[in-house]
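Working notes, beginning with the structure itself.
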Amino acid sequence: MPFGNTHNLLKMNYSAEQEYPDLTKHNNHMAKVLTPEMYAALRDKQTPSGFTLDDVIQTGVDNPGHPFIMTVGCVAGDEETYDVFKDLLDPVIEDRHGGYKPTDKHKTDLNPENLQVYPHSTLKPTLFITGGDDLDPNYVLSSRVRTGRSIRGFCLPPHCSRGERRAIENLSIESLNVLDGEFKGKYYALKNMTEEEQQQLIDDHFLFDKPVSPLLLASGMARDWPDARGIWHNDDKTFLVWVNEEDHLRVISMQKGGNMREVFTRFCTGLTKIEALFKERGHEFMWNEHLGYVLTCPSNLGTGLRGGVHVKLPNVSKHEKFGEILKRLRLQKRGTGGVDTAAVGGVFDISNADRLGFSEVELVQMVVDGVKLLIEMEKRLEAGESIDDLMPDQK
Amino acid sequence: MASTFTRLLSGRNTAVLLAGLGAGTLASGYMLSDSAAISAEEKRKLYPPSADFPDLRKHNNCMASALTPAVYARLRDKLTPNNWSLDQCIQTGVDNPGHPFIKTVGMVAGDEESYEVFAEIFNPVIKDRHNGYDPLTMKHPTDLDASKITSGMFDENYVLSSRVRTGRSIRGLSLPPACSRAERREVERVVVQALSGLKNDLSGRYYSLTEMTEQEQQQLIDDHFLFDKPVSPLLTCAGMARDWPDARGIWHNNEKTFLIWINEEDHTRVISMEKGGNMKRVFERFCRGLKEVERLIQEKGWEFMWNEHLGYVLTCPSNLGTGLRAGVHVRLPLLSKDPRFSKILDNLRLQKRGTGGVDTAAVGDTFDISNLDRLGKSEVELVQLVVDGVNYLIDCEKKLEKGQDIKVPAPIQQFRK
């Protein structure tokens with residue numbers, strides 16, 4: 001059960017074989033890794049707060065997956081999940097994050113000064129010049145960077161009680177309300193917002209809804225909706241925090257146009273301030289040197305960072321090598337509605353595919369470099385020229 | 001430790017939180033220590049019931065009407081022998097605030113003992129849902145003697161089909177919101193084994209949802225037998241759809257008049273149905289089949305969940321007692337347009353649904369008419385009530401056809417005195 005651990009002992013009355021889930025029709029990372037032997041070895045364990053193996057895998061059992069898209073199929077209920085169930089989660093992480101080993105160390109780099117300039121630009125290339133501020137606004141409509149943060153000591157959304165979730169909300173409101181300058185803003189609790197506030201948040205593309213994806217629902221994250229959920233944003237509408245959606249906090253920096261450096265700078269500054277404010281109140285973010293920032297879904301470990309743009313690529317997106325180009329650039333495409341949506345009018349959401357094993361600066365640099373190359377390709381194809389010489393190497 | 005404490009106290013919110021809880025140094029130490037791992041037990045102490053009490057101000061269901069902070073405080077830390085908790089019982093009601101017009105129940109049982117351990121909340125909910133039935137003082141009558149039914153043959157110019165359904169739970173195994181995969185598979189095994197012992201007009205076959213072929217699936221759909229993975233959030237929030245379609249299946253007899261759903265919303269749902277208006281025969285088969293299945297599981301040492309206050313114990317409190325819904329698909333083109341239709345149904349203790357079942361609208365002039373009540377009246381009483389009621393409705397329809405006036409009948413008494 002997602003939020004009650006106590007049932008686990010009862011299952012010990014049945015053999016592991018009797019309890020082992022039927023994964024014959026499944027295609028997700030969990031199903032690939034969880035053998036009957038592993039199930040038998042892990043099923044009597046639980047984290048200190050009572051999260052069990054069946055809690056970890058329920059979403060993967062309930063959602064067999066897609067033949068083309070490989071979902072993760074497991075979630076964490078607390079920070080200790082990644083340790084108690086490492087025999088399952090380490091191979092899942094390795095599979096999902098391009099061979100990241102249990103012994104690897106993840107580097108965190110939230111210094112926007114380290115963003116470099118793209119070698120083919122008109123600016124003179126040197127190693128440590130800050131770049132990323134000049135993505136062509138004729139093509140790039142908007143830029144955005146998001147990540148998540150979890151507050152150490154609290155259970156994660158699949159497992160937290162109402163009391164914990166509310167405590168997280170209170171802590172977040174308290175800390176965020178201290179922010180000033182460009183970060184000064186306001187909190188909108190989902191259950192208290194007025195009709196006008198709701199409409200404004202929808203128009204700003206800020207409002208998040210109760211999850212409908214069965215991937216999320218089956219893990220128990222939507223319990224008690226909309227209790228203790230809300231949205232905080234600064235007055236400039238360029239910095240936004242979601243509270244208690246899929247993670248404790250989702251932090252988003254965004255603006256129209258192609259100045260990714262500004263977006264990323266604000267992102268890093270804001271995050272650093274928030275972290276300091278939480279520390280003042282006796283709380284820190286879940287982080288360790290192996291997994292980086294710890295979040296609910298193993299796919300978001302490390303940086304939890306998705307940096308991307310909405311960019312017009314009507315020509316290059318029709319090129320037969322588009323998929324291959326993205327793959328080599330370590331980028332992924334989505335529709336402008338976000339994950340699980342299709343592109344409209346040749347406008348794509350292009351973002352980094354990786355989360356773990358690269359630092360924040362490295363990932364945003366990849367997006368900046370990759371998008372610049374894609375725009376160059378787009379211009380060539382517009383002019384009827386070939387792009388063969390521009391094909392990148394695998395990063 | 002002193003410096004830790006100072007840092008803590010400077011964090012106003014944390015200090016207020018901890019001071020309010022009367023938590024000691026040990027608890028505060030957890031907040032900043034490297035291993036912030038707090039056990040479930042300690043979490044319960046850190047968060048008093050008032051911190052966890054759900055926000056039910058926008059809710060309209062039986063659970064929300066009955067659950068006070070005081071009741072929650074007394075019950076929050078209790079567990080059934082199967083380790084099922086109050087929060088798990090009420091989750092579906094917290095997640096589904098309800099409808100201004102339709103009052104849902106808002107809670108489920110995880111096992112037979114839930115109704116006992118959490119009686120303080122289940123009893124007022126049962127009373128609310130079942131017209132004042134008080135489990136503490138009243139006894140529920142069980143009567144499966146179909147020979148007692150009179151006038152159980154309807155005019156087939158109006159009645160297209162007749163159907164009786166109920167549910168049964170296997171004592172000793174957790175209910176669908178709570179059961180583990182092994183328990184669910186055990187329910188399947190026990191029931192399928194019993195059903196394989198049915199003979200003559202009741203002999204039939206099991207179709208497991210995980211193994212059925214395309215053709216079998218299509219046939220079951222064409223017969224209107226196949227059930228789907230639940231989509232209603234009322235059910236999914238209660239956890240009943242976990243591990244779908246593992247250990248779910250449909251059994252039916254060769255004549256397609258007796259059908260059993262396994263591990264859908266209850267351990268079993270038992271359905272007797274046929275085209276036409278012979279409700280007496282439908283009910284006769286229903287009773288015979290049920291008794292035979294009960295005998296067969298008892299041979300193997302199992303029994304149904306039942307007690308004299310709640311009757312047959314099922315997942316949703318709305319289905320306690322008989323768990324019985326007896327109904328017909330009936331054409332009432334004129335009566336259904338008469339403004340007195342709803343009142344007539346009310347007084348006869350009947351409800352109308354669309355022919356797709358609950359949550360559907362009527363198509364054309366054909367309605368699903370069935371009994372409202374489940375608990376406090378026996379199976380025979382309820383089926384007789386449907387028989388009498390539907391006969392009355394058909395009579396009204398015929399009168400309206402002839403241009404004659406109809407009467408609203410006097411309301412039926414709620415409970416046996």
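Counting heavy-atom neighbours within 6.0 Å of A/Lys273 NZ, excluding the residue itself, gives a total of 12 or less.
By number of non-hydrogen pairs under 4.5 angstrom with chain B, the leading residue of A/Ser161, A/Pro214, A/Pro21, A/Cys155 is A/Pro21. Interface summary for chain B: among A/Thr24, A/Asn13, A/Asp22, the most heavy-atom pairs under 4.5 angstrom belong to A/Asp22.
With a 4.5 angstrom heavy-atom cutoff, A/Ala222 touches chain B only via backbone atoms. For a residue to count as touching a neighbouring chain, one of its non-hydrogen atoms must lie under 4.5 Å from one of that chain's; by this rule A/Asp227 touches chain B with the side chain only. Neither the backbone nor the side chain of A/Ile173 comes within contact range of chain B, judged by heavy atoms closer than 4.5 Å. With a 4.5 Å cut-off on non-hydrogen atoms, B/Ile90 touches chain A through its side chain but not through its backbone. For chain B, the nearby part of A/Lys25 is the side chain; its heavy atoms alone come within less than 4.5 Å. Heavy atoms of B/Ala241 lying under 4.5 Å from chain A belong exclusively to its backbone. Of the atoms belonging to B/Arg57, it is side-chain heavy atoms, and not backbone ones, that fall under 4.5 Å from chain A.
For the pair A/Lys11 and B/Ser180, the tightest heavy-atom approach, listed with the atom from each and the gap, is CG-CB, 3.7 Å. The nearest pair of heavy atoms linking A/Glu19 to B/Glu183 is OE2-N, 4.5 Å. Here the shortest heavy-atom pairing between B/Arg181 and A/Tyr39 reads NH2-OH, 3.2 Å. In terms of heavy-atom proximity, A/Ala167 sits nearest to B/Tyr47 at CB-OH, 3.9 Å.
Counting only heavy atoms from C-beta outward, the side chains of B/Asn83 and A/Leu10 never approach each other to under 4.5 Å.
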Starting from the C-alpha separation in whole Å, work towards a yes-or-no answer on side-chain contact (heavy atoms from CB on, under 4.5 Å) for A/Glu164 and B/Leu46.
-> CA-CA 9 Å; A/Glu164 281 186 292; B/Leu46 262 183; over 6 Å; no

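Of the charged side-chain nitrogens involved, none lies within less than 4.0 Å of a carboxylate oxygen, so that A/Asp62 and B/Arg242 do not count as a salt-bridged pair.
Counting only distance, with no hydrogens or angles, the side chain of A/Lys191 and the backbone of B/Lys58 share no donor-acceptor pair below 3.5 Å.
With A/Arg162 as the fixed residue, the salt bridge (charged side-chain N to carboxylate O under 4.0 Å, His left out) test singles out one of B/Asp55, B/Asp52, B/Asp87: B/Asp87.
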